[in-house]
Amino acid sequence: MGARPLPRPYHQAVARILLAEDDEGIRLPLVRALEREGHQVEAVTTGTEAVAAGVGGEHDLLVLDIGLPGVDGIEVCQRVRAGRPAVPIVFLTAQDGEMDTVNGLDAGADDYITKPFRLAELLARVRAQLRQATAEHLRAADVRVDVAARKAWRGDDELELSPKEFDLLALLVREAGRVVTRERIMAEVWDENWFGSTKTLDMHVSWLRRKLGEDAEDPLRLVTVRGVGLRFEA
Ligand code: CA
């Protein structure tokens, strides 16, 4: 105890990115830079194309210029958001884009970057958005947790969890593969000033096991590490 956990390595997944930018001088270097990071980039040059590709598309992230021919980036964002509220969107705004910026965030973008920008800066923003997006959808074995929506599933079945059961599951799944000490669980899920018995925890663990369909004698996912805490198998 006392030692801080190491930061989680960021597993840079290959993300599918939709880029809409009509200025070739920006678009081409951006495509190259994103591809160098390992992403799959679909690049379009008009807002109309961006709407066609984005609505119902399966991109992990969108980078939208605001000043696009046809439909502007803000409207593209709104139309895509209507069907896919969770997809991260980063706007590219004009140089004197004070108003663009305000409108951009109102329109539901997660971040914006003002032209001219350094590629490294944009790549860092993209990375941050992707990290955030994956962090909110935790997954271990056949269990999935959507932290923002406070929903959890085992396979395709949504789990009906009490608030504490949800918090406990989210913490354990977030740390999947590693032991989480009883003290930490009590502090984070129950009360930061907690001290004393962990009977409450034991009760919640057994309820959670039942809801996960675990064999209480021989749990496969939610495992007790004797004398230390709990581990959710990765
Ligand atoms: Ca433009």
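Atoms within a ligand are numbered from 1 in the order they appear, just like the ligands themselves. From a predicted model like this one, the values you see are computed outputs, not experimental measurements. By convention here, the first residue in the shown sequence is residue 1.
Residues T48 and V71 have side chains in contact (heavy-atom distance under 4.5 Å, counting atoms from C-beta outward). Using a 4.5 Å heavy-atom threshold, the side chains of V87 and R81 count as touching.
For the Ca ion (ligand 1), protein N/O/S neighbours under 3.0 Å (waters excluded) are D22 OD1, D65 OD2, G67 O.
A salt bridge is absent between D65 and R27: the closest approach of a Lys/Arg side-chain nitrogen to an acidic carboxylate oxygen does not fall below 4.0 angstrom. A salt bridge links R182 to D202: at least one charged side-chain nitrogen sits closer than 4.0 Å to a carboxylate oxygen. Of the charged side-chain nitrogens involved, none lies within less than 4.0 Å of a carboxylate oxygen, so that D218 and R209 do not count as a salt-bridged pair.
Within a 6.0 Å radius of CG in D215, more than 12 heavy atoms belonging to other residues, nucleotides or ligands are found.
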